[in-house]
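Values below: every heavy atom of this structure, side chains too, minus hydrogens, waters and symmetry copies.
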Amino acid sequence: MGYKSGCLGHLGHKLEFVLIEPPFFSETNLISPRLHLPIQSSWKDGRRHPSHFSLEEEPNRSVMVILVGPPGSGKSTFCEAVITASRRPWVRVCQDIINNGKAGTKVQSLKAVADALNEGKSVFIDRCNLEKGQRADFMKLCRSQTDIHAVVLDLPAKVCISRCVNRTGHEGNLQGGRAAAVVNKMLQNKEAPNLNEGFYRITFCQNDMDVKEAIKMYSELGPSDKLSSGEFGQKSKKENVQPSIMKFFKKSAREENSQKEKEGNNSSANDSRNQFPTLAFPSISTSDFQFDLDKASDIIVESAQDFLKRVDNVRLALVDLSDKSRILSLVREKAGKKGIDSNRFMTFVGDITQLYSKGGLRCTVIANAANWRLRPGGGGVNAAIFKAAGEVLEVATKERAGTINPGSSVAVPLPSTSPLYQREGVTHVIHILGPNMNPQRPNYLEDDYTKGCKILRDAYSSLFESFASVACLERNKKQKLVELKERAGGESKSKEKREEVKSRNWGSWALALYNTAMDPEKHKDGLLEISDNLIVLNDLYPKAKKHVLVLSRLNGLDCLEDAKREHLPMLRSLHSAGVKWVNKFLSEDSSLYFRLGYHSVPSMRQLHIHVISQDFDSPSLKNKKHWNSFTTAFFRDSVDVMDEIEEHGSAKITDEKLLEMELRCHRCKSAHPNIPKLKSHIAKCRASFPPHLLQNNRLLSASNNDTLEQIS
DNA sequence: GTTCTAGAAC
DNA sequence: GTTCTAGAAC
């Protein structure tokens, strides 16, 4: 680990200190689903799910101290003084040095804070934090077992300025003459912390004496101590500066948490987190099939983590009946260690057939630990689900499949007449069969865990993939329903609307490709290939080393949304032309990788495939929209588009909101605070591409044997 | 789609 | 002070 830690003797106590320093914040460490917390407002609520509270595990309460003060107010000195004298494990997160000793970003700080809190450490947030908005993101990271404090270093501006002017070697490089201007400007926008923001305690320090007292107070705050709540030391209320320290007993923590647990379960029906498609699943193979719990829990956590990295706006919940469940606690522990966002992957104690009615957990899809015949009975989850869903599930299952192999799954839409649908809101049951280590049951693996683990991995990956496609279908259905309602609501109005949508207003700049396609001879310069039905040209502003457009010449086929079954021959020829150029480029530089695809909502009129190398090494790639248009689901691989149109008559168009997503490396999925940082990362990232891209020839490379075959 | 620029963030 | 983003204009 790249942080320093150690022990110092202090009054006979063991003292631990932790100073964050590079290379702890290397880019690879930024791979953390938890980063969604500050970025994705939809998971604002950072509390752990009620089912995550367990009496034995409850750690001492940690404290998040947000320091508030301009440069020169002595924030760093404050932290260091407390950390060297305290018995509590503290982490100081200082944005000025977080990036390999240099100034870093807020996202990096947020990540460091989240990590420290996850480890049960207390945190000093050493940045100015003068405005409410600057504090808010950090406060969102807080979980229920952490108290948020503010220490306001409210010293006279001239004191701060003179300290800045006189200091040398400041971490944030703010020193000398320009400091005065910066401090004054910052103080103009100062918003004093308020308890309403969510602080448990706020300590104001008006002078050096106050600061000393506050340092003493925090230094003496032992691991299980708790300061009293409220505002202290504001203006001249000196009597409150030295607050009483009360012992915080574990017992009271337990009581509080069990209370929270109750409240959580009752109110979670309206919980905003319930709006995401959620898959509830039992642990596969670990009960009747006697699969090793430790191995199984590893596989569950890894599979879930991998899935959640790739798919947004979904949740997974591992469910077991008993709160003493060994598999639940193993998974909880391992998921915690990996820093998986517990709002997206949770463990839940309850009956999988009554999650909503009894537990308040809305799960649109549940998994069934099925038998190979896909028949009811046998006891356990399988019997319970078939019983709760009624006969209609048996019928619906039979329509889909007769039997199932270990390691695979079968998704069955649940008829709306099923009680499970009506009462619990379950739209699909996914049957899944895992490996069997029980000699009494079919397909006994004779303790071959190499095979067993592979099958279990396959089973979970098949389950999660089924869930993803089900969730996607449901989402589209809802959208269509809304559209239908709108149309029924006002035929004349909606007619106009549709016309408007259909004849989308393309700006003059958006017609360049259309004009070229209609009259290529006029725009011959720079065209790589012209035929009767298509044109290939270099993108005027290439976003990678190689970036060409394969343009349809069909008038009226403006964008992906317009592409229907009758256009399939055109789509196939565009694709083949693209693959041909990929092969040419690969023969010139075999180190490249390529993708061929469409933008869900293009900026330029006239249907075109982007053929783009995956280095994204280009000065024309300048902003978030550029990046996300090629690396999120906004980019629709040509192979998928052809499959979808063949199967459903049209291709899925993804939401333009994807373009606003955080910046993630397209290979290792690490998050980055801005485009320059992202670009320097991707210049060196050599992680393998996500598994999804390695399938179905979505990614073309010199080593891809099928590349050549695709031309024919 | 790009360019320009105000202002947010540091 | 500088760096970076996001929105307007084209």
Practice task
Have a look at A/His608 and say if it touches a base, only the backbone sugar-phosphate, or nothing, with a 4.0 Å heavy-atom cut-off.
Solution key: nothing

Fill in the blank from the handout: For DNA chain B, the expected dot-bracket line (Watson-Crick or G-U under 3.5 Å, [ ] crossing, | inter-strand) is ||||||||||

Problem - salt bridge (charged side-chain N to carboxylate O under 4.0 Å, His left out) contacts in which one or both residues fall within residues 633-645 of chain A, not counting sequence neighbours - result: A/Arg595-A/Asp637, A/Arg636-A/Glu644, A/Asp640-A/Arg698

Practice task
Check whether any side-chain N or O of A/His626 sits under 4.0 Å from OP1 or OP2 of B/dT2, and answer yes or no.
Solution key: yes

Handout entry: Residues that A/His567 engages under ring pair (Phe, Tyr, Trp, His ring centres under 6.0 Å), provided they are two or more places apart
Key = none

Handout entry: ring pair (Phe, Tyr, Trp, His ring centres under 6.0 Å) against A/Tyr541, all qualifying residues, sequence neighbours excluded
Key = none

Handout entry: Footprint string (nucleotides 3-10 of chain C, 5' to 3'): B base within contact, S backbone only, - free, heavy atoms under 4.0 Å
Key = -SS----B

Practice task
Could I get the full list of side-chain hydrogen bond (donor to acceptor under 3.5 Å, both in side chains) partners for A/Thr631, not counting sequence neighbours?
Solution key: A/Trp627

Exercise for the section: Could I get the full list of ring pair (Phe, Tyr, Trp, His ring centres under 6.0 Å) partners for A/His523, not counting sequence neighbours? Expected result: none

Exercise for the section: May I ask you to establish whether A/Arg127 and A/Phe138 are in a cation-pi arrangement, using a distance under 6.0 Å from NZ or CZ to the six-membered ring centre and at most 45° from the ring axis? Expected result: no

Handout entry: Set of ring pair (Phe, Tyr, Trp, His ring centres under 6.0 Å) partners for A/Tyr598, sequence neighbours left out
Key = none

Problem - Which residues share a side-chain hydrogen bond (donor to acceptor under 3.5 Å, both in side chains) with A/Ser508, sequence neighbours left out - result: none

Practice task
Rounded off to whole Å, could you give me the CZ-to-P distance for the A/Arg605 and B/dG1 pair?
Solution key: 16 Å

Handout entry: Pair listing, salt bridge (charged side-chain N to carboxylate O under 4.0 Å, His left out) test, anchored in residues 603-615 of chain A, at least two apart
Key = A/Asp558-A/Arg605

Handout entry: Residue-level proximity of residues 543-555 of chain A to DNA chain B when a heavy atom falls under 4.0 Å
Key = A/Lys543

Handout entry: A/His599: partners by side-chain hydrogen bond (donor to acceptor under 3.5 Å, both in side chains), with sequence neighbours left out
Key = A/His610, A/Ser629

Practice task
Pick base, sugar-phosphate or nothing for A/Gln95, based on heavy-atom distances below 4.0 Å to the nucleic acid.
Solution key: sugar-phosphate

